[in-house]
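Numbers restart at 1 for each chain; the letters A, B, ... are given by sequence-line order, proteins then strands.
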Protein chains: 2
Amino acid sequence: MTTTTKQHIIETASALFYQNGYNSTGVNEIISEANIAKATLYSHFRSKEEICVAYLHHMNTTFISDLKAYLSRQKQGPQRILAIFGFLQKIYNTEGFFGCWCLKTLAEISPDEQNIRQEIQGQKTALIVLIASLLKENMPNYNSTITKDISRKIYLLYESAVAESYLHQKDWPIKEAKKMCQLILEH
Amino acid sequence: MTTTTKQHIIETASALFYQNGYNSTGVNEIISEANIAKATLYSHFRSKEEICVAYLHHMNTTFISDLKAYLSRQKQGPQRILAIFGFLQKIYNTEGFFGCWCLKTLAEISPDEQNIRQEIQGQKTALIVLIASLLKENMPNYNSTITKDISRKIYLLYESAVAESYLHQKDWPIKEAKKMCQLILEH
DNA sequence: GACCATAGACAGACTTGTCAGTCTGTTATA
DNA sequence: TATAACAGACTGACAAGTCTGTCTATGGTC
């Protein structure tokens, strides 16, 4: 059992799920695109749902890693917080931008499907925590209550910018969200 | 051809699409739930896609009507703008709250499906216009540039509050979005 | 009141295709 | 030889949409 094949499956499935949706992507399409046999796919994953969780994991891992790398190149201070939106602007401009993979997936699963929902909620909570730690580093005069409060607000703005820029196929949501973030940091 | 049967189909399909998703709801389930024959359904709609557009229309019509009714009962001024979030808090507390039907549907369709996408974009643009007209009535010292700017910001906050309250199954996104709206109106 | 025509709706079979997952025998590589 | 992967058939279920014959309610005519 090789990690390479499994990773290849995850990457292929991720691209398909993200662009076309989870329910609209069948396992036959995944194996065809990945150029593998179905038995191979099912030797690595027990079910389509398990592939989905792996997809969510993969997207998040890549996202957090890329975001951190981008932010670490920005000047410390409020600019680094605002650079979250600069990062979003950058990925918005790539060809493969289809909005928020978590929201997309959440929309497709039934309300009582807990595995996928928990994965999504976990990722979002972790993002809020990441924003909070960014605030701690870059806005040292904030106390922990303020940090928690503002990290949630920035998270909401970021999420909105992602979803709405995809919906409208325009970047004004990113720009407006950034301005609101600025206002909050100045306040 | 009766409007009553068609409306009944739309309402049934709407409930199913909104809760379980468009792709996860089959036409067989709609006819079963609506207690009609399949031929009846296809005598009113040419395709499932057409039912989807009718669903989006229906949800939006109900939403705008309810929102306006709610807002008209609020005191004029900034409170009336902020009451958008009060309205959201109210529907969040109903049993049938499953987030934003437009975002949900957008997540399920393929990126090149234009009919549904255009309907969704149209609804969102209309919501921004509605918020702008609310600002005009209730914040008379705003000029048209400011009004346009702030309506977009409020729209983003509202959208985020809807999607994230559903995602997290908590109401803090609504409360935080309202606070940001307040900050923007005071600024 | 009886009859007829029409519109709307019904039940259910059908078509073609896809779905996720299972299984078997075969192949390639170290 | 063992492992990982392959090709492809299979299963039972479901998908959207088509079609046929039947039923019911209503309005009009005699």
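Distance CD1 (A/Ile51) to P (C/dC19): 13 Å, rounded to an integer number of Å. Rounded to whole angstrom, the span from the CG atom of B/Asn35 across to the C1' atom of C/dA11 amounts to 12 Å. With rounding to whole Å, A/Glu50 atom CD is found 15 Å from C/dA20 atom P. Distance, A/Phe45 CZ to C/dA20 C1': 15 Å, rounded to whole Å. The CD1 atom of A/Ile31 sits 10 Å away from the C1' atom of D/dA7 (whole-angstrom rounding). Following rounding to the nearest Å, A/Leu41 (CG) and D/dA7 (P) show an atom-to-atom distance of 13 Å.
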Would you list the protein and nucleotides 17-24 of chain D atom pairs, both N or O, that sit under 3.5 Å from each other?
from   : atom 1 : to      : atom 2 : distance (Å)
D/dG17 : OP2    : B/Tyr42 : OH     : 2.9
D/dG17 : OP2    : B/Lys48 : N      : 2.8
D/dG17 : N7     : B/Lys38 : NZ     : 3.2
D/dG17 : O6     : B/Lys38 : NZ     : 2.8

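Checking the phosphate oxygens (OP1, OP2) of D/dA4, no side-chain nitrogen or oxygen of A/Ser43 falls inside 4.0 Å. In terms of phosphate contacts, A/His44 brings no side-chain nitrogen or oxygen within less than 4.0 Å of OP1 or OP2 of D/dA4.
With sequence neighbours excluded, the residues forming a side chain to side chain donor-acceptor pair (under 3.5 Å) with B/His168 are A/Tyr155, B/Glu164, listed by chain and number. Under the side chain to side chain contact (heavy atoms under 4.5 Å, CB included) criterion, B/Arg46 pairs with B/Glu50, sequence neighbours left out. Residues forming a ring-ring contact (aromatic ring centres under 6.0 Å, His included) with B/Tyr42 (at least two apart in sequence, or on another chain): none. Evaluation of the side chain to side chain donor-acceptor pair (under 3.5 Å) rule for A/Asp66 yields no partner, not counting sequence neighbours. In terms of the ring-ring contact (aromatic ring centres under 6.0 Å, His included) criterion, residue partners of A/Tyr22 (sequence neighbours excluded) are, by chain and number, A/Phe17.
Counting non-hydrogen atoms under 4.0 angstrom, B/Ser24 reaches nothing in the nucleic acid.
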Residues 180-187 of chain A, side-chain donor-acceptor partners within the protein, below 3.5 Å, at least two apart:
none

For a quick test of your reading: what N or O donor-acceptor pairs under 3.5 Å do the side chains of residues 122-134 of chain B make, sequence neighbours left out?
from     : atom 1 : to       : atom 2 : distance (Å)
B/Gln123 : OE1    : B/Trp101 : NE1    : 3.4
B/Gln123 : NE2    : B/Leu56  : O      : 2.7
B/Gln123 : NE2    : B/Glu119 : OE2    : 3.1
B/Lys124 : NZ     : B/Glu159 : OE1    : 3.1
B/Lys124 : NZ     : B/Glu159 : OE2    : 2.9
B/Thr125 : OG1    : B/Gln121 : O      : 2.9
B/Ser133 : OG     : B/Leu130 : O      : 2.9

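Figure legend: A/Lys6 and A/Phe45 shown as a cation-pi pair, the cationic atom lying under 6.0 angstrom from the six-membered ring centre and within 45 degrees of its axis.
DNA chain D lies under 4.0 Å from no heavy atom of any residue of residues 13-23 of chain A.
Taking the six-membered ring for Trp and thresholds of 30 and 60 degrees, B/Tyr70 and B/Phe87 have ring planes inclined between 30 and 60 degrees apart.
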